[in-house]
Participant: 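Please see the structure below; I have some questions.
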Amino acid sequence: MATIPWCFILALFMVILLASPNASEAKMNVIDKCWRENPSWRSHRQQLATCSVGFSGKMTNNIGKGVTRYKVTDPSDDPLNPKQGTLRHGATMIKGKVWITFKRNMHITLQRPLLISSFTAIDGRGVDVHITGAGCLLVYQATDIIIHGLRIHHCKSQPPSSVMGPDSKVIPLGQMDGDAIRLVTARKVWIDHNTLYECQDGLLDVTRGSTDVTISNNWFRNQDKVMLLGHDDGHLRDRNMKATVIFNHFGPNCNQRMPRVRHGLAHVTNNLYQGWEQYAIGGSMSPSIKSEANFFIAPKLGNKEVTWRQGSQADKASWKFYSVGDVFENGASFSSQTGLGGAKPNYNHEQSFKVGDARTVRELTSSSGVLQCSRALKC
């Protein structure tokens with residue numbers, strides 16, 4: 001009986017492999033499936049803006065006519081006289097819509113916080129971009145912001161300072177605590193596929209009346225305070241805050257605030273929790289928190305309880321803070337549920353999405369953080 005040449009078998013195997021659905025595609029969540037299946041994503045980068053879900057809605061205000069395509073070529077940083085080619089020049093100095101990409105891998109050390117103007121998309125796909133330094137990214141009184149594909153870490157506190165802002169005006173800034181990303185009175189912000197870790201204060205703050213925010217596909221690790229939604233107990237404007245936290249990977253080595261919510265509404269869904277020390281999800285000041293179809297893996301030792309609540313017993317009894325369809329492993333627990341059914345997101349058509357079964361969360365979050373994108377293959 002004639003044998004089949006090995007080279008023919010190999011060629012046949014490659015044809016079958018290429019013709020079959022990619023294994024990674026089978027694991028894609030609804031956001032990634034929207035654009036990652038396109039092998040020409042580099043030529044159609046702005047397709048990304050149509051893929052967001054949750055409270056940010058679609059980011060179509062960032063695309064269309066009049067978009068300036070800006071490429072970062074210089075990793076240096078001058079807070080008061082931003083040079084052409086630097087990230088600060090693109091994020092702050094250009095009027096109107098701007099879509100920022102990077103020419104090559106780079107490590108940017110910010111000398112002062114980076115102020116991001118309205119209608120700015122920072123797109124780190126296809127290269128490896130690290131951002132560190134003083135204060136890191138600040139979205140202040142701005143709207144329609146996309147932050148995608150960045151490694152932001154080792155951000156340090158910054159005393160009051162000044163930076164160049166829009167319209168070539170010097171903007172005075174107060175004390176910055178050392179967060180990777182801070183939103184202050186911001187609206188319609190999408191933070192997707194970033195890797196954030198080891199900052200002096202926290203990794204993400206959404207504060208002072210910020211709202212319509214989606215936080216998706218990020219990897220948060222090696223941090224005490226991870227995510228704060230709501231400035232402080234006395235800041236009542238945060239009652240209008242709405243945030244969607246979806247497809248993120250928390251851990252390893254995260255302590256608390258994943259997220260910590262004050263006043264507003266948070267839909268926390270399809271996230272993977274790889275342990276905690278104090279707690280995973282908590283809050284104060286009567287927040288509305290719907291924990292839905294998340295996968296909680298309690299630490300081997302220590303606190304197994306997912307939640308934390310600050311306030312009097314009467315106050316906590318009035319909260320809308322409950323679990324729907326979550327999966328708990330290694331003894332994890334979600335106690336004292338209140339206000340069942342009351343924290344409804346009520347998404348409109350462009351915000352809505354189908355929540356995945358919690359048992360699929362490992363797959364849905366398997367690509368969390370910065371993606372490894374090749375020039376020759378799909379992202």
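We count residues from 1, following the sequence as given. Since we're looking at a predicted model, the values are computed, not measured.
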Participant: Evaluate the ring planes of H107 and H130, with Trp represented by its six-membered ring, and classify them as parallel (under 30°), tilted (30 to 60°) or perpendicular (over 60°).
Facilitator: parallel

Participant: Could you see if V324 belongs to whatever hydrophobic cluster contains I246? Use Ile, Leu, Val, Met, Phe, Trp, Tyr and a side-chain cutoff under 4.5 Å.
Facilitator: no

Participant: Are D224 and Q256 linked by a side-chain donor-acceptor pair shorter than 3.5 Å?
Facilitator: yes

Participant: Please determine whether a side-chain nitrogen of the Lys or Arg among R88 and D77 lies less than 4.0 Å from a carboxylate oxygen of the Asp or Glu.
Facilitator: yes

Participant: Will you find, in the side chains of S76 and D74, an N or O donor that is under 3.5 Å from an N or O acceptor?
Facilitator: yes

Participant: Parallel, tilted or perpendicular for F334 and F321, by the 30°/60° rule?
Facilitator: perpendicular

Participant: Compute both the distance and the angle, then confirm whether R45 meets the cation-pi test with W41: under 6.0 Å from the six-membered ring centre, within 45 degrees of the axis.
Facilitator: no

Participant: Tell me yes or no: between the side chains of H148 and D192, is some donor less than 3.5 Å from an acceptor?
Facilitator: yes

Participant: Just by modelled atom types, is the I147 backbone N or O under 3.5 Å from a matching donor or acceptor in the N194 side chain?
Facilitator: yes

Participant: Could you tell me if N217 and N29 have a donor-acceptor pair between their side chains, going purely by distance under 3.5 Å?
Facilitator: yes

Participant: I'd like to know if the two cysteines, C373 and C379, have SG atoms within less than 2.5 Å.
Facilitator: yes

Participant: Judged by modelled atom types alone, do T360 and D357 share a side-chain donor-acceptor pair under 3.5 Å?
Facilitator: no

Participant: Using a 3.5 Å distance criterion without hydrogens, assess whether the side chain of Q223 forms a donor-acceptor pair with backbone atoms of D201.
Facilitator: yes

Participant: So, the side chain of N105 versus the backbone of D128: is there a donor-acceptor pair under 3.5 Å, distance only?
Facilitator: yes

Participant: Between I31 and V53, does the side-chain contact (heavy atoms from CB on, under 4.5 Å) criterion hold? Intermediate values first, please.
Facilitator: CA-CA 7 Å; I31 294 173; V53 298; 3.9 Å; yes

Participant: Could you check whether E305 and S335, counting side-chain N and O atoms only, form a donor-acceptor pair closer than 3.5 Å?
Facilitator: yes

Participant: Check this for me: K156, atom NZ, are more than 12 non-hydrogen atoms of other residues, nucleotides or ligands nearer than 6.0 Å?
Facilitator: no

Participant: Crowded around Y279 OH? As in, over 12 foreign heavy atoms under 6.0 Å?
Facilitator: yes

Participant: Looking at F295, I'd like to know if the NZ or CZ of R359 sits under 6.0 Å from its six-membered ring centre while staying within 45 degrees of the ring's axis.
Facilitator: no

Participant: Do R309 and T307 meet the criterion of a side-chain donor-acceptor pair at a distance under 3.5 Å?
Facilitator: yes

Participant: I'd like to know if the two cysteines, C51 and C34, have SG atoms within less than 2.5 Å.
Facilitator: yes

Participant: If you measure only the distance, is there a donor-acceptor pair under 3.5 Å linking the side chains of W99 and T68?
Facilitator: no

Participant: Is a donor on one side and an acceptor on the other found under 3.5 Å between the side chain of W276 and the backbone of N303?
Facilitator: yes

Participant: Do the side-chain N and O atoms of H153 and E198 include a donor-acceptor pair separated by under 3.5 angstrom?
Facilitator: no

Participant: Taking everything shown except K320 itself, do over 12 heavy atoms lie less than 6.0 Å from its NZ?
Facilitator: no

Participant: Between K188 and D212, does any side-chain N to carboxylate O distance fall below 4.0 Å?
Facilitator: no

Participant: Taking atom CZ of R104 as the centre, report whether more than 12 heavy atoms of other residues, nucleotides or ligands fall under 6.0 Å from it.
Facilitator: yes

Participant: Just by distance, no angles: are the side chains of R260 and Q310 close enough, under 3.5 Å, to form a donor-acceptor pair?
Facilitator: yes

Participant: Are a donor atom and an acceptor atom from the side chains of N240 and T211 found within less than 3.5 Å of each other?
Facilitator: no

Participant: Does the pair C155 and C136 meet the rule for a disulfide bond (SG atoms under 2.5 Å apart), with working shown?
Facilitator: CA-CA 6 Å; C155 301; C136 289; 2.0 Å; yes

Participant: Would a distance-only check, ignoring hydrogens and angles, find a side-chain to backbone donor-acceptor pair under 3.5 Å from Y140 to S117?
Facilitator: no

Participant: Is the distance between the ring centroids of H267 and Y347 under 6.0 Å?
Facilitator: yes

